[in-house]
Structure formats: structure tokens, C-alpha cells
Amino acid sequence: MFAFRYWLLWALSACTLLFLVLAAEGALAWEWVIAPLLLTVFGLRDLLQRPHAILRNYPLLGQFRFLFEAIRPEIRQYFFEGDNDGAPFTRKKRSLVYQRAKGEADARPFGTELDVKSKGYEWIGHSLSPTKIASCDFRVTVGAGRAKPYEMSVFNVSAMSFGALSANAIRALNHGAKKGRFAHDTGEGSISMHHREFGGDLIWQVASGYFGCRNADGSFNDEKFAEQARDDQVKMITVKLSQGAKPGHGGILPAAKITPEISLTRGVPMGIDCVSPAVHPSFSTPLGLIDFVEKLRTLSGGKPVGIKLCIGHPWEFFGIVKAMLQTNIVPDFIVVDGAEGGTGAAPLEFTDHVGMPLQEGLLMVHNTLVGAGLRDRVKIGAAGKIITAFDIARTMALGADWCNAGRGFMFALGCIQSQSCHTDRCPTGVATQNPVRARALVVPDKAERVYRFHQSTLHALQELVQAAGLPHVSALRAHHIVRRINDHEVRLLSELLKFLEPGDLLTGNFRYQVYEKYWPVSRAESFHPEV
């Protein structure tokens with residue numbers, strides 16, 4: 001409680017006490033006590049209020065942020081929300097999330113602020129005969145025909161682990177997911193007590209460290225996995241192969257950051273660095289991966305099991321699809337993580353230059369499954385800077401069945417993108433294990449904001465789909481999205497992007513170069529191509 005960020009409050013409190021003593025002794029006029037006393041009262045009010053995490057962590061000092069916000073919103077957006085990438089559209093999206101999470105009107109006057117003549121500008125085509133959709137609760141069935149299929153929302157919380165996020169952030173996300181009946185991905189840090197408190201639907205992510213289902217040597221433990229996976233709160237299981245922000249890298253949680261709670265949740269010892277290997281020790285080939293997926297499905301009692309990856313070498317994913325064809329075993333879903341996805345910490349070269357962006361990765365996964373005749377058996381999720389309803393509509397038009405979002409829900413929690421996640425000094429209590437900082441995030445308040453953001457975004461998606469004249473979000477296709485190519489030309493995405501027809505890969509009708517070159521040399525027996 002006596003952290004340095006409280007220095008102004010404590011200084012004013014000491015000053016107030018000193019002035020009171022001096023005034024009582026007649027050495028100072030009582031009028032001198034009023035100003036420091038009022039400021040101290042205001043500071044204590046900041047410390048104890050619930051809605052604003054910034055003020056709880058920075059009493060009085062945090063008021064400067066809201067002062068500038070009141071004077072001019074753009075000042076706050078540019079200088080007090082920590083977005084150092086200089087992207088005005090990113091700031092605009094963050095502001096939109098804040099409005100929706102707080103239940104404020106998000107309508108804007110005076111028309112679009114975007115340059116509709118700029119190259120790359122996109123929009124959704126509207127109909128002169130709009131539809132009327134009864135509900136914005138859009139859902140997709142994953143694992144149809146399995147023992148325990150899951151009817152999931154088309155918009156869910158992306159993978160963010162306890163350890164990367166604070167306990168209060170996890171609790172608020174899960175409480176919001178429970179209220180809104182959408183899914184909360186655990187991230188690779190496993191299922192903590194904070195995930196279980198409110199009972200929101202969970203997607204358990206099993207990564208290379210096998211946290212929550214591991215032996216002492218880091219190998220996979222069947223019994224521990226089955227015990228957790230069969231819990232009714234766990235709706236699906238994801239085998240994480242890679243993530244968009246740092247694919248092929250792995251990670252380390254330093255020993256200093258491993259609390260007793262994290263140790264218990266992950267099943268790792270205190271005092272030793274927690275290592276997430278870059279590869280899974282349980283398999284080393286596409287066939288091994290498919291067998292592992294089937295094993296988890298059996299151990300979980302028939303729940304949907306899928307894989308998550310950022311696409312890298314195309315022949316590796318082709319090998320996975322060939323393994324599906326060879327064994328007739330398919331994952332229930334594949335989550336495509338775009339290279340533009342975020343993380344708490346990663347080398348700059350990985351965040352900027354490793355992995356396939358979402359559009360290209362999603363198209364490759366969708367096309368390959370279509371061409372192999374498997375698309376109707378495998379659902380596709382997508383993640384990577386998806387925040388607004390248009391982001392969801394565009395992504396689903398390119399082939400996704402649902403979308404996951406990380407940063408959007410973090411904004412709803414109060415994240416201001418201070419980019420201090422890796423320092424354990426998050427100013428809003430979202431990405432820290434510091435208990436004093438984390439207490440600033442009030443769970444009931446932020447859970448309501450998470451819920452409202454989800455509901456408002458789906459309502460906006462409903463309005464977009466209705467305007468396009470469609471009966472359901474699943475009817476979106478690439479020809480519904482238009483992109484400006486230059487000053488005098490626009491094209492439908494269906495004309496710009498290439499799509500395979502069902503069975504094309506099975507008949508050798510490769511259509512474009514990546515399949516013609518790499519499908520024949522990809523192998524189910526190895527992630528390496530034939531040479």
C-alpha cells in the first residue's frame with residue numbers, strides 16, 4: 001500500500017496532519033488546512049472508488065488523465081492511453097470498446113473519419129431489402145456428432161493465461177463470459193481456481209508445457225488431463241501448436257514470477273523457471289499430432305478437440321491435412337492465429353516478421369480443407385486483432401466459423417495499452433501478479449463491462465448482417481466485402497482472393513502455385529517435405 005505511486009497522497013496526508021497540529025497550536029491559520037485536507041479526502045476517495053482502476057492505483061495523479069479527457073478526448077487518446085504504435089484507427093477501436101463496455105452510446109456524428117479513397121479501405125455491401133434477424137445470439141455447433149458437442153458464440157475470449165493476466169482479470173473475464181454465455185479460453189497456463197469461481201464456459205488450451213496435466217519431467221499425464229477435461233465447465237480442448245505473436249518460439253515464466261497459485265495451477269515447482277518448449281514432446285509428425293488429438297478426445301469423454309496454430313511453412317499444414325485423410329481422424333476445429341496477434345512479451349523480430357497474417361493463414365486453412373473435402377467436418381476459429389463487428393464479419397466472410405478476441409476484451413477490462421505487461425507494473429491491474437496493483441481491478445464492475453462489450457458487438461454484427469440482407473452471420477461470403485485497390489478501382493474480395501472448390505486437391509486441380517508446388521511434396525509421416 002505504501003508503493004511509490006501513492007507518494008502524492010501520503011505527502012498530502014502528512015502535510016494535512018502537520019497543518020492541523022500547527023493550527024491547533026495557533027502557529028498557523030485554519031484556512032491553510034482546507035486545501036491539503038480536501039485534496040487528501042479526494043485522494044482517499046480515488047483509492048476507495050470502484051469504477052476506475054487507474055485512480056485506485058494512482059490516486060490524485062490519475063485525475064490528470066481524466067482532466068485531459070474532459071478537455072479534449074483526442075489528447076487522452078494520443079498521450080494517455082499508451083498506444084505507442086501511432087495507429088489512429090487502433091485508438092479509435094479502443095475508444096469504441098470503452099464506450100460499449102461502459103454502456104455509452106457509440107454513435108458518431110458527421111460521418112466516417114476514415115479516408116474512403118485510400119488504398120485498402122474496405123466496406124460491406126448493403127442490400128435494398130434488409131432482413132430482420134430475431135436475435136444477435138449467433139452460435140455455431142462444434143463437434144456435431146460427438147458425445148458432447150458445444151454450441152458456442154461466434155465471438156469469444158481468446159487465449160490469455162493466468163500468470164500473464166491477474167487473478168482479478170481472469171475472474172472478471174470468466175464472470176462476463178458466464179453472463180453472456182460465451183467461451184473463455186484459458187490460454188496455456190491451465191485452469192486456475194479463478195477460472196472456476198463463476199463457472200463460465202472454458203476452452204482448455206493444452207500447449208507444449210502440458211500445464212495442469214503434466215508429470216514432473218514435463219511429459220503428458222493422461223490421468224491429470226482426464227480429471228480436468230471431464231469437468232462440465234470445460235467445453236472444448238485445444239492443442240496449441242503455435243501462437244501468432246511469437247510462433248515457433250516457446251517461452252519462459254521466470255522463477256521470480258511463479259506464485260504459489262501459479263505453481264498449483266500449472267503443476268510446476270516454485271523457485272525454478274517454468275519453460276514452455278517450442279515443440280510438443282508427445283509427437284513429432286502430423287500423424288502423431290492427429291493421434292494425440294484423438295487421444296485427448298477419448299480421455300475427455302467425447303468433447304470437441306482441435307488445434308490452434310499460426311500458419312508457417314505451407315507444407316507442414318498440408319501434411320496435417322494429409323494425415324487426416326490417411327487416418328480418417330479429424331480435429332473438430334482449427335483455430336487460426338494471425339501473426340498480428342498480441343502477447344505480453346516477445347522479441348521484436350517475432351512480433352513483426354514471423355508467421356502468416358490472419359487473412360492469408362485463414363484462407364490457406366479454409367482452402368486446404370475445402371480442397372481436401374474435409375471442410376464440412378472441421379470448424380474454423382480465427383484470432384488476430386479482431387475487435388469490431390466489421391472485423392468479425394470480414395473474418396467470417398473469408399471462411400471462419402467464429403472469432404476470438406484478446407485485446408478487445410482486455411480493453412473492456414480497462415487495459416490502456418501502457419505496454420508494461422512484462423514489467424509486472426500494469427497500471428490497471430490487468431496484466432500483473434502484484435496483489436496491490438491487481439486489487440484496483442474490481443471484478444463485478446469489470447465483468448459487467450466484459451459482458452456489455454460482447455453484447456454490444458454482437459448487436460452491431462446483427463445490424464451489419466441485416467443491412468447486407470442476410471439471414472445469419474454464417475451466410476457472409478467474400479463477395480460481400482469490397483476493397484479499394486486505387487483511386488479509381490474497387491474489387492470484391494472474392495475477385496481478389498483465390499478459393500478452391502470441394503475436392504480440388506484430391507483431383508489434382510491445384511488452381512494456384514502454393515498447392516501445385518507444395519501439396520505433392522507434403523507428407524503425413526513428417527513435417528518435412530519430400531526432397
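- Put simply, CD1 on Ile262 and CZ on Phe211 are 10.5 Å apart, with the number rounded to the nearest 0.5 Å.
- Under the side chain to side chain contact (heavy atoms under 4.5 Å, CB included) criterion, Ala397 pairs with Leu476, Ile481, not counting sequence neighbours.
- Put simply, NE2 on His184 and NZ on Lys235 are 15.0 Å apart, with the number rounded to the nearest 0.5 Å.
- At a threshold of 4.0 Å, the pair Arg375-Asp401 counts as salt-bridged, since one of the basic side-chain nitrogens sits closer than that to a carboxylate oxygen.
- Side-chain contact between Met324 and Arg377: absent, with no pair of heavy atoms (C-beta onward) separated by less than 4.5 Å.
- Looking at Ser127, its side chain never comes within 3.5 Å of a backbone N or O of Gly469 through a donor-acceptor pair.
- A heavy-atom distance below 4.5 Å is not found between the side chains of Gln326 and Pro286.
- Between Tyr210 and His280, the side chains place a donor N or O and an acceptor N or O closer than 3.5 Å (distance only, hydrogens not considered).
- Checking side-chain atoms of Gln466 against main-chain N and O of Ile133 turns up a donor-acceptor pair under 3.5 Å.
- Under the 4.5 Å side-chain criterion, counting only non-hydrogen atoms from C-beta, Pro331 is in contact with Ile290.
- A salt bridge links Glu188 with Lys240; the closest basic N to acidic carboxylate O contact falls under 4.0 Å.
- Crowding of Asp376 atom CG: a count of heavy atoms from other residues, nucleotides or ligands under 6.0 Å exceeding 12.
- With 3.5 Å as the limit, one finds a donor-acceptor pair spanning the side chains of Thr141 and Glu151.
- Nearest heavy-atom pair, Phe527 versus Ile320, reported as atom, atom and distance to 0.1 Å: CE2-CG1, 3.9 Å.
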Does Phe411 form a side-chain contact (heavy atoms from CB on, under 4.5 Å) with Phe453? I'd like the steps, not just the answer. CA-CA 9 Å; Phe411 294 161; Phe453 166 59; over 6 Å; no

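- When all heavy atoms of Gly143 and Pro304 are compared, the pair lying nearest together is CA-CG, 4.1 Å.
- For the 3.5 Å distance criterion, the side chains of His454 and Ser153 qualify, holding a donor opposite an acceptor.
- At least one side-chain heavy atom of Asn509 sits under 4.5 Å from a side-chain heavy atom of Arg511.
- For Phe510 and Tyr518, the ring centers sit 6.0 Å or farther from each other.
- Using a distance-only test at 3.5 Å, with no hydrogens or angles considered, a donor-acceptor pair links the side chain of Arg484 to the main chain of Val116.
- No hydrogens or angles considered: nothing links the side chains of Asp504 and Tyr515 as a donor-acceptor pair under 3.5 Å.
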side-chain hydrogen bond (donor to acceptor under 3.5 Å, both in side chains), that's the test. Do Asp201 and Tyr150 meet it? Break it down for me. CA-CA 10 Å; Asp201 291 352; Tyr150 179 47; 2.7 Å; yes

For Ile237 and Leu299: C-alpha separation, side-chain torsions, deciding distance, then whether side-chain contact (heavy atoms from CB on, under 4.5 Å) applies. CA-CA 11 Å; Ile237 295 98; Leu299 290 171; over 6 Å; no

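- A cation-pi arrangement is present between Lys179 and Tyr451 under the rule of less than 6.0 angstrom and at most 45 degrees off the ring axis.
- Taken to the nearest 0.5 Å, the OG atom of Ser158 stands 9.5 Å off from the CD atom of Gln243.
- Under a 3.5 Å cut-off, the side chain of His366 and the backbone N or O of Leu363 do not form any donor-acceptor pair.
- Under the 4.5 Å side-chain criterion, counting only non-hydrogen atoms from C-beta, Leu458 is not in contact with Gln462.
- Heavy-atom contacts from other residues, nucleotides or ligands closer than 6.0 Å to NE2 of His528 number 12 or fewer.
- Here the side chains of Val97 and Phe409 are not in contact, with every heavy-atom distance at 4.5 Å or above.
- By the 6.0 Å contact criterion, NE2 on His479 is enclosed, its count of non-hydrogen atoms from other residues, nucleotides or ligands being greater than 12.
- Annotation: Glu495, atom CD; neighbour count of heavy atoms from other residues, nucleotides and ligands within 6.0 Å is above 12.
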Please evaluate residues Asp185 and Val335 with respect to the criterion side-chain contact (heavy atoms from CB on, under 4.5 Å), reporting the C-alpha separation (whole Å), side-chain torsions for both, the decisive distance (0.1 Å), and the verdict. CA-CA 12 Å; Asp185 194 309; Val335 176; over 6 Å; no

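- Ser192 and His194 form no side-chain donor-acceptor contact under 3.5 Å, judged by distance and modelled atom types alone.
- One finds the CE atom of Met236 at 11.5 Å from the CD atom of Gln205 (value rounded to the nearest 0.5 Å).
- In plain terms, the two heavy atoms of Tyr98 and Gly414 that are nearest each other are OH-O, 4.5 Å.
- Using a 4.5 Å heavy-atom threshold, the side chains of Leu461 and Phe155 count as separate.
- Between Leu369 and Val330, every side-chain heavy-atom pair lies at or beyond the 4.5 Å cut-off.
- The environment of CD in Gln513 is sparse: at most 12 heavy-atom neighbours from other residues, nucleotides or ligands sit within 6.0 Å.
- Remark: Lys295 pairs with Asp222 by the salt bridge (charged side-chain N to carboxylate O under 4.0 Å, His left out) rule, at least two apart or across chains.
- Across every non-hydrogen atom of Val305 and Ser300, the tightest pair is CG2-OG, 4.4 Å.
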Please determine whether side-chain contact (heavy atoms from CB on, under 4.5 Å) holds for the pair Val490 and Trp123, giving the CA-CA distance in whole Å, both sets of side-chain angles, and the decisive distance to 0.1 Å. CA-CA 11 Å; Val490 300; Trp123 68 93; 3.6 Å; yes

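- Between the side chain of Arg214 and the main chain of Gly209, a donor-acceptor pair closer than 3.5 Å is present.
- Closest heavy-atom contact between Ala405 and Ile386: CB-O, 3.2 Å.
- The nearest pair of heavy atoms linking Gly338 to Cys310 is C-SG, 4.4 Å.
- With sequence neighbours left out, the ring-ring contact (aromatic ring centres under 6.0 Å, His included) criterion links His313 to Trp315.
- The pair Arg297-Glu294 counts as a salt bridge, with a side-chain nitrogen and a carboxylate oxygen less than 4.0 angstrom apart.
- Of the possible polar contacts, none joining the Thr457 side chain to the Thr388 backbone as a donor-acceptor pair under 3.5 Å is found.
- When ring centroids are compared, Trp402 and Phe182 stay outside the 6.0 Å threshold.
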